[in-house]
Protein chains: 2
Amino acid sequence: MGLREQKRQETLSRITRSAMELFARQGYEATTIEAIAAAAGISRRTFFHYFKTKDDVLLSQQAGLGEQLIAALAAEPDAGTPMRTVHAAMRRIASSYPLEELVVIDRLMLSIEAVQSRKQANYIRDEKLVLEALRQRWPMEDDMSLRVTAFVAIGCTRLSLDAWRAAGGTRPIVEYLDRAFAALTSDLARG
Amino acid sequence: MGLREQKRQETLSRITRSAMELFARQGYEATTIEAIAAAAGISRRTFFHYFKTKDDVLLSQQAGLGEQLIAALAAEPDAGTPMRTVHAAMRRIASSYPLEELVVIDRLMLSIEAVQSRKQANYIRDEKLVLEALRQRWPMEDDMSLRVTAFVAIGCTRLSLDAWRAAGGTRPIVEYLDRAFAALTSDLARG
DNA sequence: TTGCAATTCTGCACTGAGTGCAATATTTAA
DNA sequence: TTAAATATTGCACTCAGTGCAGAATTGCAA
């Protein structure tokens, strides 16, 4: 890695660290890009060479659920049905979630409408990503079937995170995931 | 309805009509609030008495899926399980969808990132609305069960709309809804 | 009808996000 | 060491969104 790239990484991390600290201290709206740039030791104009918008600084802190899931999916053996395979991958992810970090950033995001929207919209982007991965791996499978599988994958993860958060975050997330799956299966079987 | 309220309605509709026309003609970004206000015969400042942001004009054109579903839910008899009742309500809505309008607005929204995000975020808001309605109607039911029911309600509708649109919008939507439900049920039963 | 209170509309001035451009500084490769 | 490539910066600009205060309009009561 050349000096150029190295400096770029350093600047990038200085921007995000400065921004997150300012956001936490004085709130999102009250923090101007001017202030972030100053704290990171760059000019206002340069900030926009690193991030397209102020929102993007926050969004960049979010781990991409879609990418994670695709990676986990690739590690699963080829034996089962799409749904079965996805289910296993989800459990693997849920068991190893970096919880504390997530919650702090999440609380911050909750307070900003536009960011919250984009975060939630990301779920749908993630779903599309997963759907594409599924289509490549099971090209012969019925398309609607793959659609609902991707939908369940992202949705149940989101649902378990919600339930976990609502419950105060005491029990492990994977437990909520299992309960979501069980409820879904039995409700649909009865319905 | 007094003169005041009547005028307000008229102005509101003048704003949205002017805005949508300008958006369609010259694009979203290229249309300033200044121009919308002028076309609607009001001042720039007054525009903001009617809409909080420019995005909101577009968003306001979207029918609230959550509200629709809650209304349809209220019309269903009390006999079945939550999932069964929701399923019936969904079918009723899907059968009577005003298709053409939806598609035109949708195409416009697709082109604007921020609006698209908020539209998609609305799905999650809708899910929360439905969840609340379900909780009130079935207070004794397991919470996770109601969560997945609300999730399936909104999600399968969205999925069917997507699939319907992807297929060129020829066959009736309710057909896609049934297929989504069937795929979900059988995939989960096998998984 | 008239007068007064409650709303609504408007202009003005301001902040802050985001962009285009051209000049300057830094890094890379030869 | 030098020239090309890339990064940084300042400047000027557009436009969204907000607060405020005065003018215009509407509702209501006498």
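No hydrogens, no waters, no symmetry mates; every other heavy atom, side chains included, goes into these values. Residue numbers start from 1 in every chain, and the chains themselves are labelled A, B, ... in the order their sequence lines are given, proteins ahead of strands. These numbers come from a predicted model, not from an experiment.
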Next item on the list: May I ask you to verify if any side-chain N or O of A:Thr32 is less than 4.0 angstrom from the OP1 or OP2 atom of C:dG16?
Entry: no
Item checked: Rounded interatomic separation in angstrom, taking NZ from B:Lys7 and P from D:dG27 ->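 Result: 9 Å.
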Check: Whole-Å distance between C:dC9 C1' and B:Arg8 CZ?
Finding: 11 Å
Notebook entry, point to check: So how far is it from A:Met83 CE to A:Leu146 CG, rounded to the nearest 0.5 Å?
Noted result: 9.5 Å
Note to self: To the nearest 0.5 Å, what is the distance between OG1 on B:Thr81 and CG on A:Leu188?
What the structure shows: 9.5 Å
Next item on the list: If the plane angle is over 60° it's perpendicular, under 30° parallel, otherwise tilted; pick one for B:His87 and B:Phe181.
Entry: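 If you compare the ring of B:His87 with that of B:Phe181, the planes turn out parallel.
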Check: Quick one: are the ring centres of A:Phe151 and B:Phe151 less than 6.0 Å apart?
Finding: yes
Note to self: Looking only at side-chain N and O atoms, does B:Thr157 offer a donor or acceptor that is under 3.5 Å from a partner on B:Ser160?
What the structure shows: no
Margin query: Hydrogens and angles aside, do B:Gln9 and B:Glu5 bring a side-chain donor and acceptor to less than 3.5 Å of each other?
Written below: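 Yes, because at least one side-chain N or O of B:Gln9 sits under 3.5 Å from a partner of the opposite role on B:Glu5.
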Which protein N or O atoms sit under 3.5 Å from an N or O of nucleotides 18-21 of chain D?
residue, atom, partner, partner atom, Å
D:dG19, N7, B:Arg45, NH2, 2.8
D:dG19, O6, B:Arg45, NE, 2.6

Expected rows: protein N/O vs nucleotides 28-30 of chain C N/O, under 3.5 Å:
residue, atom, partner, partner atom, Å
C:dT28, OP1, A:Leu3, N, 2.8
C:dT28, OP1, A:Arg4, N, 2.7

Check: Thinking salt bridges, do A:Arg25 and A:Glu21 make one under a 4.0 Å N-O criterion?
Finding: yes
Checklist line | Closest to side chain of B:Tyr50, choosing from D:dG17, C:dC9, C:dA17 | finding: C:dC9
Margin query: The side chain of B:Ile42 is closest to which nucleotide in this list: C:dT10, C:dT26, C:dG16?
Written below: C:dT10
Note to self: Taking any heavy-atom pair under 4.0 Å as a contact, classify B:Thr31: base, sugar-phosphate, or nothing.
What the structure shows: sugar-phosphate
Check: If you take all heavy atoms of A:Arg14 and A:Ile42, which pair is closest and at what distance?
Finding: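 Smallest heavy-atom distance, with atoms named: NH2-CG2, 4.2 Å.
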Checklist line | Side-chain heavy atoms of A:Leu134 within contact of A:Glu141, under 4.5 Å | finding: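 Answer no - side chains too far apart.
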Please list, for nucleotides 23-25 of chain C, all pairs of protein and nucleotide N/O atoms separated by less than 3.5 Å.
none

Check: Does NZ or CZ of A:Lys54 lie under 6.0 Å from the centre of the six-membered ring of A:Tyr28, at an angle within 45° of the ring axis?
Finding: yes
